[in-house]
Chemist: 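Handing you this structure, nothing more for now.
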Amino acid sequence: MRILQLHVDYIEYFPVSKEIADAETLTLNEKQRLEDTVVILMSIERGDEDSMIVDIAAEIKDYLEKIKGKSVLLYPYAHLSSNLESTDKAFNLFVKIEKELRQMFNQSDITINRAPFGWTKTLEFKVKGHPMAENSKSFHKKKDIQQTKFNNEREDLLDSCHDIEENDGGVSEALKTEKNLKSEWYILDTSGNLIKQNEFKFSKSERNLENLLNYEILKKRIVDEQPPHVKLMRKLGISDYEPASDSGNMRYYPKGRLLKSLLEQFVTRKVSEYGGLEVETPIMYDSHHPSMESYFNRFPARQYNIKSDQKDLFLRFAACFGQFLMAKDFQLSYKNLPLKLYELTRYSFRREKSGELVGLRRLRAFSMPDCHGFCRDLDQAKSEFLKRFQLSVSVVEEIGLSTRDDLEMAIRFTKDFYSENKQYIHNLVKDFGKPVLVEMWDERFFYFTLKWEFNFIDNLGKASALSTDQIDVENSERYGITFVDEYGNKKYPIILHNSPSGAIERVIFALLEKSAKLMRQGKVPYLPLWLMNTQVRIIPIGNEFMPQCNELLAVLKENSIRGDIDDRDETLSKKIREAETEWIHYVVIIGEKEVASNTVSIRERLTKKNYSENVTKLVTLIKDQVKDKPFLPINLQEYLSSRPRIAS
RNA sequence: GGUCAUGUAGCUCAGCCUGGCAGAGCGAAGGUUUUGUAAACCUUAGGUCGCGGGUUCAAAUCCCGUCAUGACCUCCA
C-alpha cells in the first residue's frame, strides 16, 4: 500500500463517470469542495491485508498531529503503484480504513471524508507551501527484515550520481526503492568476521564506530547545539555566512580561500599522479535534455533551477553527468581502459533544505573532487578500486586526518556481491586496519554493487562522509558509454566513482572539528602547517629591528615559506597572544640579543618550547614538515599594521 | 509547518523577571608609551534596542502581531 499525504488549502473533485463496472453508487452527485484539509491519495497493492490497517491509521493520526490538521479526505488513487490489488478487494480494504479512522477520531473534532471508489473524477487542489505538506509512505506486510528509509545523510553516501530511473506509472523507481530498501547491518572486523550489529561488543577505542552505527541506523542524536567548527571558522577568519546570498553559499575570507586553494591543488595533484585526467564540464545543463528530462520533471525540488530566456537550466549537483556525456563521445578501445576522468567542481550545487545546513558541514554550493574510472570488466574494476582506496587513504592522511583516529569506514554491498567476493572485501577491511560498519542489501537497488566511504564523526556524534568510491554497473548503459573489446564487440564499461577527499569545504569542517576535539581534551588545537596562511610570524622587539625582520621575511619567501611581520605598536605580550589565537605554529622574535648572536628566538606553539636557532635551521625545520605539499604565497598583507581586522 | 530559544554598538554580550537617563569588554580612531614570550595607559567616536501595533505619565523591559536566525521534530530523488 502506498499513500501520499498532502496538506492542501483546498481540494475540489467531481465524479464524472464510472471507471470500473463495480464502482460504488454515489450518494451525492455534485462537485465537492473541502478547505484546509489533509488529502490522502491511496493505492492498495496486491497482497495488502487487514493487519496493515492499524499502521496506516496510526501514520495518518501521527501526520495530523504534526501539522495540526482537523480534516481528512481519503481519496482512492490507483496511480501510485503498478502492482494494484483487484478492485473488489481494494475497495473492501479502503472502506475498512475509513471505518478505522472514524472509530479512532470518534471523540475528536477531526472530520473524515472519503471520495468515491471506481470513478473517474476531476481533481483540483492547492498544496500548502510548507516542508511537511507533502509526505509519501508505503506499507508492507510485517516481515523480519528491518526496513530502512534513506535519510539525508545517506544522500551523501549515495553520492553524486543519483538514480535516473524510468517512470513506471506515476512514482519513480528511485522513490520506490528508497521506501522499500531492505538492508541488514553488521560489523566486519579485520579478520573477516561478519558480526551482526547488535551482537558486536564495541571496545573503548571503537566508540566512534559505535557512534556511526547509532547515527546510521538507530538515528540516535545526542545533542542540540551548534557544532563547534562554526565558531572556529569565524574566529579564525576562514569563512562566514553571506546573508545576501542563498543560505549554504558561504563567503571565504583570504585565509579560507588560501586554505581551499591549497587543498584543491593537493587533491588534484594526487589524482593526477594516480593517472586521472583533469577535465572541466559546464556547471549548468539543459533541464530538457533527453538524459535529464524524465528525471528532473519528476523531482524538480532538489537543485537550483534557472530560467534564462526561454531555456530551463539547472546547476549541476555533481560532476558525473558532465563526465559521462564527455566519455560517451570518446572513441574507446579496451586498450584505453581503465580511463580516469577527473574534475574538481567549483561548484556543485544542491538546494538542501534550509534546516539541514550547518556551517561548513553541509552546504548548497561546494567543491567536490570527482574521479570516474571506466573499466573493461569487473576484474579490472576491482583492481582499480583497490588503487583508489590507497589513493584516498593517502590523501586524507596527508591532509591531516588519520584513518586510525579520525575516520570510520562504512562498506555497503549486495548479498550476492559479498558471497562472490568475500576475500576481496575482507582484504579491503584489513587494509583499513580496524572494524568497519557494513550495510548489506538483499538485492541491488542502486546503480552500484559495492561502495565504501570514510566518515568523520564530529563533536556531536554526527557522521559526515568524506572520501568514497563505488562500483557502478548501470550508468554506462544509461548514458550510452561504450568501448570496443579485442573481438570488435561494443561493450559497456564498469564505472568507478571516487572522491578521494570528499568535498573540500567538508575537509575544512573535519579539520576544525578535530581541533575542537583537541580543545575539549585540553590539548592545543591546530591546523596543519602547510595549510596555514601565516606559517611564521615575525615580531620585532622594537621598531629599530625592522630591517632584520624584513631580511628574515625575504629568506622565508625565497624558501617558499609564508611569513608576516607584526609591526604594530603593541606590546610583545599582546603580539604573542594574538599569534596564539591565530594558531600560528612558529613565532619568531628578533631583538638585540638575536641580532648580536645572529640567531632568532623561536616560539613553537605545538610543543610550547622556546629556543634560539639560526635562520637556516628554522627554514629546514619548516621545510621538513611541509615537504612537497603545494605552496602559494601569503594571501594577506605582510605587515600586520596594514591588515584589516577580519575575524570576528 | 510544529516546539523551544535567540534578535541591544563592527564583534561578544549585560540590562528584560520587578517599566524610570542606552551599558560593558573586545575591536576601531587619536594620543602617550618602544615594549623580551598569552591582553600597557589615556581620550574619542559608534545605537531605528529586528519591525509594526497596544497598555502606561513613562516601554529595550509588559501584551499582541510580524520578520529573521538557530537547535530539534519532520522532510530530504
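Naming: A, B, ... by sequence-line order, numbering from 1 per chain.
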Chemist: Mind checking who B:G65 pairs with, Watson-Crick or G-U wobble, both distances under 3.5 Å?
Modeler: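 Pairing partner: B:C51.
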
Chemist: Is there a Watson-Crick or G-U wobble partner for B:U35 with both distances under 3.5 Å, and which nucleotide is it?
Modeler: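 By the stated definition (distances under 3.5 Å), nothing pairs with B:U35.
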
Chemist: Heavy atoms under 4.0 Å, any strand shown: does A:E594 hit a base, just sugar-phosphate, or nothing?
Modeler: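 Here A:E594 touches the bases of the nucleic acid.
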
Chemist: To the nearest angstrom, how far is A:K235 atom NZ from B:C26 atom P?
Modeler: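 Between P of B:C26 and NZ of A:K235: 17 Å.
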
Chemist: Show the nearest heavy-atom pair for residues A:M250 and A:S239, with the distance to one decimal.
Modeler: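 Smallest interatomic distance, heavy atoms only, reads CE-OG, 4.4 Å.
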
Chemist: Could you walk me through whether A:Y285 and A:F321 pass the ring pair (Phe, Tyr, Trp, His ring centres under 6.0 Å) test, one step at a time?
Modeler: CA-CA 10 Å; A:Y285 292 86; A:F321 30 85; 5.1 Å; yes

Chemist: Partner of B:A29 by Watson-Crick or G-U wobble geometry, both contacts under 3.5 Å, or none?
Modeler: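 Pairing partner, where one exists within any strand: B:U43.
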
Chemist: For residues A:M368 and A:S348, report the shortest heavy-atom separation together with the two atoms involved.
Modeler: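 Of all heavy-atom pairs spanning A:M368 and A:S348, the closest is CB-OG, 4.3 Å.
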
Chemist: Using the C1' atom in both, what is the distance from B:C17 to B:G53, to the nearest Å?
Modeler: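 Their C1' atoms lie roughly 24 Å apart.
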
Chemist: State, without any angle test, whether A:E582 and A:T534 hold a side-chain donor-acceptor pair at a distance under 3.5 Å.
Modeler: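 Side chains of A:E582 and A:T534: no pair found under 3.5 Å.
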
Chemist: Using atom P of each nucleotide, how far apart are B:U8 and B:U44 to the nearest Å?
Modeler: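 My reading of the P atoms in B:U8 and B:U44 gives 26 Å.
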
Chemist: For A:V524 versus A:L518, what's the shortest heavy-atom pair and its separation?
Modeler: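 Here A:V524 and A:L518 meet closest at O-CD1, 3.6 Å.
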
Chemist: Which whole number of Å gives the distance between the P atom of B:C42 and that of B:G25?
Modeler: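 To the nearest whole Å, 10 Å.
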
Chemist: Within the structure, does a side-chain N or O atom of A:K231 lie under 4.0 Å from either OP1 or OP2 of B:G70?
Modeler: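 No, A:K231 has no side-chain N/O under 4.0 Å of OP1/OP2 on B:G70.
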
Chemist: Would you say the side chain of A:L4 lies within less than 4.5 Å of the side chain of A:I40, judging by non-hydrogen atoms?
Modeler: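 Contact flag for A:I40/A:L4 side chains = no.
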
Chemist: With both distances kept under 3.5 Å, what pairs with B:C16, Watson-Crick or G-U wobble?
Modeler: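 Paired with no nucleotide.
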
Chemist: In whole angstrom, what separates A:L64's CG from B:U74's P?
Modeler: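 Rounded to whole Å, this separation is 17 Å.
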
Chemist: Give the minimum heavy-atom separation between A:D370 and A:Q323, together with the two atoms involved.
Modeler: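 Closest approach of A:D370 to A:Q323: O-NE2, 3.3 Å.
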
Chemist: Using the P atom on both, measure B:U55 against B:U61 and round to a whole Å.
Modeler: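 Those two atoms are separated by 15 Å.
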
Chemist: Output the rounded distance in Å from CG (A:L6) to C1' (B:G1).
Modeler: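 Between C1' of B:G1 and CG of A:L6: 14 Å.
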
Chemist: Output yes when A:D564 and A:R643 qualify as a salt bridge under the 4.0 Å nitrogen-oxygen rule, no when they do not.
Modeler: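 So A:D564 pairs with A:R643 through a salt bridge.
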
Chemist: Using whole Å, what does the distance between atom C1' of nucleotide B:U74 and atom CD of A:Q5 come to?
Modeler: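 It is 12 Å, rounded to the nearest whole Å.
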
Chemist: In whole angstroms, how far is the C1' atom of B:G36 from the CZ atom of A:R537?
Modeler: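 For the pair A:R537 CZ and B:G36 C1', the rounded distance is 17 Å.
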
Chemist: Taking the same atom, P, in B:A60 and in B:C13, what whole-Å distance lies between them?
Modeler: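 After rounding to an integer number of Å, I get 22 Å for this pair.
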
Chemist: Please tell me which of A:R577 and A:K574 maps to the more 5' nucleotide of RNA chain B, matching each residue to the nucleotide holding its nearest heavy atom.
Modeler: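 So the residue in question is A:K574.
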
Chemist: If you assign A:E580 and A:P540 each to the RNA chain B nucleotide with the nearest heavy atom, which residue ends up on the more 5' nucleotide?
Modeler: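 Here A:P540 is the residue nearer the 5' end.
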
Chemist: Name every residue in residues 561-573 of chain A that has at least one heavy atom under 4.0 Å from any atom of RNA chain B, in order of residue number, or write none if there are no such residues.
Modeler: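 Correct list: A:D569, A:E570, A:T571, A:L572, A:S573.
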
Chemist: Within the 4.0 Å heavy-atom criterion, would you say A:K593 contacts the bases, only the backbone, or no part of the nucleic acid?
Modeler: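 Base contact.
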
Chemist: Out of B:U34, B:A38, B:G36, which nucleotide sits closest to the side chain of A:N543?
Modeler: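 Closest nucleotide among those given: B:U34.
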
Chemist: Roughly, in whole Å, what's the span from CG in A:L232 to P in B:U12?
Modeler: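 It works out to 14 Å between those atoms.
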
Chemist: In this structure, how many angstroms lie between the P atom of B:G36 and the CG atom of A:N610, rounded?
Modeler: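 Between P of B:G36 and CG of A:N610: 15 Å.
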
Chemist: Between B:U66 and B:A29, how far apart are the two C1' atoms, rounded to whole Å?
Modeler: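 My reading of the C1' atoms in B:U66 and B:A29 gives 39 Å.
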
Chemist: Who is the Watson-Crick or G-U wobble partner of B:G70, with both distances under 3.5 Å?
Modeler: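 Because both required distances fall under 3.5 Å, B:G70 counts as paired with B:C4.
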
Chemist: Describe the nucleic acid contact of A:R603 in one word from base, sugar-phosphate, nothing, applying a heavy-atom distance below 4.0 Å.
Modeler: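 If one applies the 4.0 Å heavy-atom cut-off, A:R603 turns out to touch a base.
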
Chemist: Using the P atom in both, what is the distance from B:G50 to B:C11, to the nearest Å?
Modeler: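 Those two atoms are separated by 14 Å.
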
Chemist: In Watson-Crick or G-U wobble terms, both distances under 3.5 Å, what is the partner of B:A58?
Modeler: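 No nucleotide pairs with B:A58.
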
Chemist: Does B:G46 fall in syn (glycosidic angle within 90° of 0) or anti?
Modeler: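 Judged by the O4'-C1' to base torsion, B:G46 sits in syn, the angle falling within 90° of 0.
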
Chemist: Between A:I589 (CD1) and B:G36 (P), how many Å, whole number?
Modeler: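 To the nearest whole Å, that distance equals 11 Å.
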
Chemist: Would you check if A:I590 and A:I541 make a side-chain contact, meaning some heavy-atom pair closer than 4.5 Å?
Modeler: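 With C-beta onward as the side chain, the pair stays apart.
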
Chemist: Taking the same atom, P, in B:A28 and in B:G7, what whole-Å distance lies between them?
Modeler: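 My reading of the P atoms in B:A28 and B:G7 gives 26 Å.
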
